[in-house]
Amino acid sequence: ETGVTQTPRHLVMGMTNKKSLKCEQHLGHNAMYWYKQSAKKPLELMFVYNFKEQTENNSVPSRFSPECPNSSHLFLHLHTLQPEDSALYLCASSPLGGAKNTGELFFGEGSRLTVL
Amino acid sequence: DAKTTQPNSMESNEEEPVHLPCNHSTISGTDYIHWYRQLPSQGPEYVIHGLTSNVNNRMASLAIAEDRKSSTLILHRATLRDAAVYYCILRGAFSSNTGKLIFGQGTTLQVKP
């Protein structure tokens with residue numbers, strides 16, 4: 001248990017569907033992240049949010065739309081995806097700032113997405 | 001962010017020490033060295049980090065070369081549960097980045113009974 005919860009754990013969707021991935025943390029962290037992990041590839045950073053504001057979009061296609069309504073919740077809205085978008089999507093959170101901040105990222109267990 | 005180089009894979013026997021190397025020749029003076037590992041079907045988890053001095057915690061030890069151009073993660077007694085992908089990551093000082101981590105390919109550690 002890392003304190004970061006992702007739902008659903010598994011999702012199968014067609015290319016015309018609209019679905020959302022949810023991430024929740026109650027660790028008091030003020031930074032949240034989406035990463036994508038495709039088979040046999042390193043984790044790819046997708047989006048970064050600091051204090052609910054998006055600070056980084058790593059050239060992610062617009063069919064992925066993030067939303068951060070508050071510091072504890074992060075969503076990834078999915079629409080008109082392609083089969084090559086099938087991957088494990090990982091959410092993470094971390095504290096920012098402070099002398100005792102190790103900068104440690106806490107990851108959820110991921111949402112395994114299959115696009116048919 | 002400066003790059004790191006790790007072997008693709010390593011093998012170890014159970015209950016023996018494991019030394020996982022990482023080269024980071026372009027490290028800057030303010031870069032911290034972080035290690036994470038990813039167990040099968042899980043997200044990555046923090047292992048240890050350091051700046052200049054060697055570090056120990058309940059999971060592992062981190063040995064940092066004097067010139068900081070390389071480091072070694074040491075698992076003192078490998079268990080089957082230590083089989084994972086281990087990532088060595090450089091991270092700039094907090095004032096200069098958004099807190100993100102950039103992952104490489106990592107080292108896949110196999111532990112044999």
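The chains referred to below are lettered A, B, ... by the order of the sequence lines, with proteins before strands, and numbering in each begins at 1. Quick caveat, the model's predicted, so the values are computed rather than measured.
Annotation for A/Arg63: atom CZ counts as buried by contact number, over 12 foreign heavy atoms lying within 6.0 Å. Heavy-atom neighbours of A/Gln82 CD from other residues, nucleotides or ligands within 6.0 Å: above the threshold of 12. For A/Asn70, the CG atom sits in a packed shell: over 12 heavy atoms of surrounding residues, nucleotides or ligands are nearer than 6.0 Å.
Side-chain heavy atoms closer than 4.5 Å link hydrophobic residues (I, L, V, M, F, W, Y) into clusters, and following such links, possibly through other members, connects B/Val85 to A/Phe107.
Residues passing the side chain to side chain donor-acceptor pair (under 3.5 Å) test with A/Ser20 are A/His77, sequence neighbours excluded. For A/Gln37, the side chain to side chain contact (heavy atoms under 4.5 Å, CB included) test picks out A/Leu43, A/Leu88, A/Leu90, B/Gln38, B/Tyr87, with sequence neighbours left out.
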Return all side-chain donor-acceptor pairs below 3.5 angstrom for residues 3-15 of chain A, not counting sequence neighbours, or 'none' if the list is empty.
| from | atom 1 | to | atom 2 | distance (Å) |
| --- | --- | --- | --- | --- |
| A/Gln6 | OE1 | A/Cys91 | N | 2.9 |
| A/Gln6 | OE1 | A/Gly110 | N | 3.0 |
| A/Gln6 | NE2 | A/Tyr89 | O | 2.9 |
| A/Arg9 | NE | A/Gly110 | O | 3.2 |
| A/Arg9 | NH1 | A/Glu109 | OE1 | 3.0 |

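The shortest distance between side-chain heavy atoms of B/Leu101 and A/Tyr33 does not fall below 4.5 Å. With contacts defined as side-chain heavy-atom distances shorter than 4.5 Å, the pair B/Arg91/A/Leu105 qualifies.
Proximity to chain A at a heavy-atom threshold of 4.5 Å picks out B/Phe103, B/Gly104, B/Gln105 from residues 103-113 of chain B, in numerical order.
No side-chain donor-acceptor contact under 3.5 Å links A/Tyr35 to the backbone of B/Ile102.
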